[in-house]
Colleague: 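Once you've had a glance at the structure underneath, I'll fire off some questions.
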Amino acid sequence: MDLWENDNSDEMDNDNDLMDDCEEDSFSESEQESNVKRLQKLNIDDDFHVEYAHQRSTTAYGSSRCLEHIKSKEKMGIGDLVKDHALPFLPAKSICRFRSVSKEWNKWITNPFLAHKQSHCFQDISGFFCQIAGEHSFISCDPHSCGVPDPSFSFLPEPVILRTTCNGLICCQSCIDDNAYYICNPVNRQWKVLPRPNYYHRPGSAVALAFEPSALKFEANYQLVCAIRMADHPVLYFEIYSSRSKSWRLADTLCCESGALKLSGDGFYMKGMVYWETLAGLVLYFDLTYEQWGTLPLPPEWGPEGVLTKRHGELCYILPHKKDNQYAIGIYGDLKMVLKHSFPLELDDFDYTSRGLRALSCLNDDVLAILFGNRMITYHVKAQKVKKLGTVRPDGFVTCHPYVNSLVPVDHPLVSRQQANSRP
């Protein structure tokens with residue numbers, strides 16, 4: 001039974017009820033708090049704290065009900081191995097399909113420990129959120145295994161526009177009132193509205209969401225970096241929201257380089273850095289550790305059809321172009337963004353009269369996602385194979401944001417409850 005079909009609202013409602021019931025049955029409040037405290041003290045890997053928790057299961061803080069799914073390695077069957085060591089490497093939609101296997105599997109899948117582990121183990125791009133004229137849709141790279149129950153973001157309290165994504169989390173902004181920022185995950189429909197920034201984020205401000213899942217950190221900590229300009233100030237300021245402090249602050253550094261002041265859109269995060277393209281043919285980067293900025297050149301042929309992305313673990317720029325009546329792809333890299341690879345696009349099965357060719361992202365080191373007219377395709381570089389993913393509305397400019405089908409919680413139910421109880 002597919003719990004993710006958008007046209008079956010009753011089934012999705014039952015699924016939500018089952019999730020709520022299971023969470024209530026799995027842990028008592030005192031057990032939840034003790035588990036969080038123990039995990040925060042155990043700054044070590046999952047295998048160790050699982051074994052530790054198993055040994056402590058007979059004590060007052062052992063939380064035997066929480067960890068009853070854990071069995072000794074000698075007694076593990078194939079089902080236990082799959083449940084404990086295979087599920088975390090699957091996309092969220094695939095995992096939710098396994099809830100019908102048994103009550104034990106349902107209990108484990110709705111357990112926040114699995115969501116934490118899966119968000120770290122699975123980080124593949126699963127599809128794209130497409131936005132045009134305020135409407136949202138989702139195109140999956142594999143509809144059988146990757147998807148979201150509500151791509152329209154109707155679970156949020158007001159209409160929003162999608163700004164940027166990062167490792168399963170999405171940053172949206174309200175279309176009305178004070179343009180509030182939301183951080184959400186449409187898989188579990190969890191969301192958090194951020195407090196009002198200290199400074200006015202005028203039109204033209206650009207944001208980048210930074211989130212790096214970690215096996216050693218139970219709570220999902222993220223930052224939202226906003227590059228803003230103030231009236232009559234020819235500089236860029238960087239205002240940063242931190243989920244740790246739950247507040248905004250202004251970075252000490254200012255960007256005064258004229259070629260970096262006008263950004264072409266929102267940015268993306270990779271390895272402790274956020275990157276934005278500028279309208280002057282530069283890449284503006286901001287180091288989150290040292291809070292320093294710098295610039296890199298874009299290729300001379302840069303344009304709106306190109307995209308900054310990650311390939312082989314490094315920053316690169318993917319630029320499609322037409323040469324001798326044939327489409328080709330150029331891949332640029334290094335600090336000077338020099339041409340690294342160039343290869344023709346074998347698109348024999350597609351109509352070459354389609355307007356526009358735009359790179360979207362690298363799904364992995366060998367597969368590129370491309371918007372060809374109003375058709376989204378993937379191209380396997382080595383195999384030279386094309387796969388059609390879906391179509392977008394042909395009217396207007398569409399923005400396509402890569403998304404990881406993750407179970408990552410926005411506000412972890414165990415941690416948030418502990419924090420709420422600790423408030424004066």
Side-chain angles (χ1 to χ4, degrees), residues 161 163-166 171 173 179 181 194 197-212 222-242 247-311 313-319 321 330-340 358-362 397 399 401-402:
I161 58 172
R163 294 295 302 266
T164 186
T165 65
C166 187
C171 174
Q173 190 172 21
N179 297 322
Y181 291 108
L194 304 189
N198 299 319
Y199 297 88
Y200 175 56
H201 293 185
R202 63 177 56 250
S205 300
V207 304
L209 181 61
F211 168 55
E212 195 75 53
Y222 54 86
Q223 296 180 82
L224 184 64
V225 186
C226 301
I228 59 175
R229 291 185 64 182
M230 299 183 188
D232 302 325
H233 286 218
V235 296
L236 274 182
Y237 297 83
F238 300 96
E239 190 171 17
I240 306 171
Y241 174 83
S242 170
S247 62
W248 293 88
R249 64 180 181 83
L250 199 65
D252 293 332
T253 184
L254 305 175
C255 175
C256 303
E257 185 166 339
S258 59
L261 298 183
K262 294 183 179 180
L263 307 179
S264 61
D266 294 318
F268 92 106
Y269 167 83
M270 187 186 78
K271 293 183 176 180
M273 313 276 283
V274 294
Y275 300 90
W276 294 276
E277 293 184 45
T278 77
L279 296 178
L282 297 175
V283 176
L284 172 66
Y285 65 83
F286 184 79
D287 188 320
L288 287 170
T289 302
Y290 299 101
E291 296 192 356
Q292 297 295 321
W293 64 271
T295 60
L296 300 171
L298 283 172
E301 303 85 1
W302 68 277
E305 60 276 355
V307 67
L308 283 172
T309 185
K310 179 174 70 173
R311 188 169 185 260
E314 301 295 334
L315 180 70
C316 69
Y317 187 75
I318 309 295
L319 182 64
H321 58 276
I331 300 178
Y332 300 79
D334 289 345
L335 294 179
K336 294 185 178 181
M337 284 294 172
V338 297
L339 182 64
K340 292 291 188 178
R358 177 154 53 105
L360 299 178
S361 183
C362 286
F397 183 81
T399 58
H401 303 267

Colleague: Give the minimum heavy-atom separation between Ala260 and Thr295, together with the two atoms involved.
Modeller: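 Smallest heavy-atom distance, with atoms named: CB-CG2, 4.1 Å.
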Colleague: Give, for atom CG of Leu315 and atom NZ of Lys271, the distance between the pair rounded to the nearest 0.5 Å.
Modeller: 10.0 Å
Colleague: By the definition side-chain contact (heavy atoms from CB on, under 4.5 Å), identify the one residue from Leu224, Asp266, Val225 that meets it with Leu209.
Modeller: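 Only one of Leu224, Asp266, Val225 forms a side-chain contact (heavy atoms from CB on, under 4.5 Å) with Leu209, namely Leu224.
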Colleague: Given the rule in the side chain to side chain contact (heavy atoms under 4.5 Å, CB included) test, do Leu254 and Tyr237 qualify, once you have shown the distances and angles that lead to the verdict?
Modeller: CA-CA 5 Å; Leu254 305 175; Tyr237 297 83; 3.1 Å; yes
Colleague: What residue pairs, at least two apart or across chains, pass salt bridge (Lys or Arg N to Asp or Glu O under 4.0 Å) with a residue in residues 272-297?
Modeller: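 Salt bridge (Lys or Arg N to Asp or Glu O under 4.0 Å) check on residues 272-297 returns Arg249-Glu291.
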Colleague: Hey, mind stepping through Tyr269 and Glu212 against side-chain hydrogen bond (donor to acceptor under 3.5 Å, both in side chains) and telling me if it holds?
Modeller: CA-CA 9 Å; Tyr269 167 83; Glu212 195 75 53; 3.2 Å; yes
Colleague: So which atom in Leu261 and which in Pro234 form the shortest heavy-atom distance, rounded to 0.1 Å?
Modeller: CD1-O, 3.3 Å
Colleague: Closer than 3.5 angstrom, by distance alone: can the side chain of Thr164 be matched with the main-chain N or O of Gly267 as a donor-acceptor pair?
Modeller: yes
Colleague: Between Trp248 and Tyr241 (judged by ring centroids, cut-off 6.0 Å), do the two rings come close enough to count as a pair?
Modeller: yes
Colleague: What distance separates Leu296 CG from Lys336 NZ, expressed to the nearest 0.5 Å?
Modeller: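 Nearest 0.5 Å value for the CG-NZ distance: 12.0 Å.
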Colleague: Nearest 0.5 Å, what's the CD-CG distance between Glu257 and Leu282?
Modeller: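 Between atom CD of Glu257 and atom CG of Leu282 there are 6.0 Å.
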Colleague: List the atom of Thr278, the atom of Gly259, and the distance in Å for their closest heavy-atom pair.
Modeller: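 Heavy atoms of Thr278 and Gly259 come nearest at OG1-O, 3.2 Å.
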Colleague: For Leu319 and Gly303, which heavy atoms make the closest approach, and how far apart are they?
Modeller: CD1-N, 4.4 Å
Colleague: Treating Thr165 as the side-chain partner and Pro402 as the backbone partner, does any N or O pair qualify as donor plus acceptor under 3.5 Å?
Modeller: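 Yes.
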Colleague: Could you check if a side-chain atom of Leu308 sits within less than 4.5 angstrom of a side-chain atom of Met337, using non-hydrogen atoms only?
Modeller: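 Result yes, sub-4.5 Å side-chain heavy-atom pair found.
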Colleague: Please identify each residue that fulfils ring pair (Phe, Tyr, Trp, His ring centres under 6.0 Å) with Tyr285, with sequence neighbours left out.
Modeller: none
Colleague: Enter the distance from Ile228:CD1 to Leu250:CG here, rounded to the nearest 0.5 Å.
Modeller: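 Ile228 atom CD1 to Leu250 atom CG measures 6.0 Å (nearest 0.5 Å).
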Colleague: What closest approach, in Å, do Val235 and Cys256 show between heavy atoms, and which atom pair accounts for it?
Modeller: CG1-SG, 3.6 Å
Colleague: Work out which heavy atom in Leu263 is nearest to a heavy atom in Ala227; give both atom names and the distance.
Modeller: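 Residues Leu263 and Ala227, closest heavy atoms: CD1-CB, 3.8 Å.
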Colleague: How long is the gap from CD1 on Ile318 to CD1 on Ile331, to the nearest 0.5 Å?
Modeller: 4.0 Å
Colleague: Identify which one of Tyr317, Phe268, Trp293, Phe286 satisfies the ring-ring contact (aromatic ring centres under 6.0 Å, His included) criterion when paired with Tyr275.
Modeller: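 With Tyr275 as partner, ring-ring contact (aromatic ring centres under 6.0 Å, His included) holds for just one option, Phe268.
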Colleague: Side chains of Lys340 and Asp334: closer than 4.5 Å at any heavy-atom pair?
Modeller: yes
Colleague: Please round to the nearest 0.5 Å and tell me the distance separating atom CD of Gln173 and atom SG of Cys226.
Modeller: 8.0 Å
Colleague: Pair up each side-chain donor or acceptor in residues 199-207 with any protein partner under 3.5 Å, not counting sequence neighbours, and list the distances.
Modeller:
unit_1, atom_1, unit_2, atom_2, d
His201, ND1, Tyr181, OH, 2.9
His201, NE2, Glu239, OE1, 2.8
Arg202, NE, Arg229, O, 3.1
Ser205, OG, Arg202, N, 3.4
Ser205, OG, Arg202, O, 2.8

